[in-house]
Number of protein chains: 2
Amino acid sequence: MQFSVRLPVATHILLCIGKFQGEYKTTSTFLAGSVNVHPVIIRKTLGQLRAAGLVEVAAGVGGAKLTKSPRDITLLDVFRAVEEEEDLFHFQENPNPQCPVGRNIHRVLGTRLEKIKQHMMDDLAGITLEELLHAVDEEN
Amino acid sequence: MQFSVRLPVATHILLCIGKFQGEYKTTSTFLAGSVNVHPVIIRKTLGQLRAAGLVEVAAGVGGAKLTKSPRDITLLDVFRAVEEEEDLFHFQENPNPQCPVGRNIHRVLGTRLEKIKQHMMDDLAGITLEELLHAVDEEN
DNA sequence: CATAGGTGTAATAATATATGTTACAATGGA
DNA sequence: TCCATTGTAACATATATTATTACACCTATG
């Protein structure tokens with residue numbers, strides 16, 4: 001089990017926009033060429049990033065740009081833009097309420113797994129687009 | 001996107017075995033009744049837990065028991081028993097190597113997401129079956 | 001003001017993964 | 001031998017993901 005390609009793809013898109021801003025017009029076709037996905041996937045993802053207030057897309061003429069400094073965009077922003085707000089783990093519905101384990105499992109496990117998800121969010125919040133742009137430039 | 005129900009279900013199974021050991025014979029049908037899944041799912045999961053050395057299952061007669069103290073079983077053990085060893089996030093294959101972002105994204109993002117996964121594993125390793133059994137008994 | 005290149009979005013398809021179910025040979029105690 | 005049970009394969013179903021096609025709409029520009 002792993003998370004979908006959406007966070008990596010969205011991050012890739014933002015890095016390209018940040019890196020090529022002013023230099024190239026970052027259209028969906030241009031971005032699709034770097035990421036290696038269908039341009040429609042790029043447009044859908046850009047739509048999510050736009051809804052989250054991270055980018056502006058030029059209607060008609062085309063191209064996207066960041067609405068804030070890369071310093072102020074974190075992976076948590078990206079994660080929230082492209083992933084549903086939900087529990088980290090899926091719980092089985094309707095465990096047996098007659099069983100002491102069944103009637104407590106969701107509370108007992110759920111609260112602990114919730115904390116783990118919170119740590120993950122905190123970690124994501126600690127990574128900025130700026131840091132990633134610098135790392136990309138190191139070209140190792 | 002969320003992880004499958006497997007970790008919660010496997011944990012539920014172990015908690016039942018730990019709680020009812022000696023009291024009831026924890027057959028797949030018995031466990032299925034508490035978890036609310038098909039007995040075959042329980043048997044498959046028990047098979048994974050057995051392969052990981054966490055339980056023993058009595059062939060023929062039926063019933064399962066823990067091979068170690070609940071103090072020595074952590075959620076990381078359970079996670080590893082039922083989930084594939086893989087990256088937290090799925091990466092897009094073949095990003096464009098001509099693009100500075102495309103040829104660096106996997107290294108730059110991958111290493112950082114790898115650390116986040118490691119934190120998750122550390123968190124899971126800090127939760128023991130014993131702690132969960134106590135919490136279940138609190139019946140709140 | 002027509003056009004070319006671009007976006008937004010719906011519809012559909014293809015694929016993968018997760019979960020549920022049936023079936024049945026094999027096990028081992030009563 | 002009989003019976004409850006396990007282990008496992010095969011198949012079915014549901015859901016999520018990703019790819020693709022199609023097309024109406026937008027806007028700078030010749």
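In what follows, chains carry the letters A, B, and so on, assigned in the order in which the sequence lines appear, proteins first and then strands, with residues in each chain numbered from 1.
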#### Entry: Partners meeting side chain to side chain contact (heavy atoms under 4.5 Å, CB included) with K115(B) (sequence neighbours left out)
none
#### Entry: Residues forming a salt bridge (Lys or Arg N to Asp or Glu O under 4.0 Å) with R43(A), sequence neighbours excluded
none
### Query
So do the side chains of V35(B) and H12(B) get within less than 4.5 Å of each other, counting heavy atoms only?
yes
### Message
So if I take the C1' atoms of five pairs at each end of the helix from dC1(C)-dG30(D) to dA30(C)-dT1(D) and get each local axis, what angle do the two axes make, rounded to 10 degrees?
### Response
0°
### Message
Check this for me: does any side-chain nitrogen of one of E83(A) and R6(A) sit under 4.0 Å from a carboxylate oxygen of the other?
### Response
yes
### Task
Return the set of residues passing ring-ring contact (aromatic ring centres under 6.0 Å, His included) with F79(A) (not counting sequence neighbours), or none when no residue passes.
F3(A)
### Query
Which part of the nucleic acid does G60(A) contact within heavy-atom distance under 4.0 Å: base, sugar-phosphate only, or nothing?
base
### Task
Indicate, with a heavy-atom threshold strictly under 4.0 Å, whether E93(A) touches base, sugar-phosphate, or nothing.
nothing
### First and last nucleotide of DNA chain D, 5' to 3', lying under 4.0 Å from heavy atoms of chain A
dT17(D) to dT27(D)
### Side chain proximity check, F30(A) to C99(B), heavy atoms < 4.5 angstrom
no
For residues 61-68 of chain A, which side-chain N or O atoms pair as donor and acceptor with protein atoms under 3.5 Å away, sequence neighbours left out?
unit_1	atom_1	unit_2	atom_2	d
T67(A)	OG1	G53(A)	O	2.6
T67(A)	OG1	L54(A)	O	3.2

### Task
Look up atom CG in D77(B) and atom CG in L124(B), then write down how far apart they are to the nearest 0.5 Å.
10.0 Å
### Query
Hey, are the side chains of I105(A) and V136(B) touching, using non-hydrogen atoms and a 4.5 Å cut-off?
no
### Counterpart residues, side-chain hydrogen bond (donor to acceptor under 3.5 Å, both in side chains), relative to T27(B) (two or more places apart)
none
### Query
Of the residues in residues 37-50 of chain A, which ones touch DNA chain C at a heavy-atom distance under 4.0 Å?
V40(A), R43(A), K44(A), R50(A)
### Task
Please work out which of the three classes, parallel, tilted or perpendicular, describes the rings of F91(A) and H106(A), given edges at 30° and 60°.
parallel
### Message
Could you tell me if the side chain of N104(B) sits less than 4.5 Å from the side chain of D137(A), heavy atoms only?
### Response
no
### Message
Once side-chain hydrogen bond (donor to acceptor under 3.5 Å, both in side chains) is applied, do any residues pair with E131(B), and if so which ones, sequence neighbours excluded?
### Response
R112(A)
#### Entry: Closest-nucleotide ordering on DNA chain D, the 5'-leading residue of G63(B) and H90(B)
G63(B)
### Task
Using heavy atoms and a sub-4.0 Å distance, could you list which residues of residues 13-33 of chain A are near DNA chain C? By number, please.
K25(A), T27(A), S28(A)
### Task
Applying side chain to side chain contact (heavy atoms under 4.5 Å, CB included), name anything that partners I41(A), two or more places apart in sequence or on another chain.
V37(A), H38(A), T45(A)
### Task
Please figure out whether A59(A) or F3(A) has its closest DNA chain D nucleotide nearer the 5' end.
F3(A)
### Message
Need two values: the first and the last nucleotide of DNA chain C, 5' to 3', having an atom under 4.0 Å from any heavy-atom of chain B.
### Response
dA18(C) to dG28(C)
### Query
Checking T111(B) side chain against V108(B) main chain: does a donor-acceptor pair fall under 3.5 Å?
yes
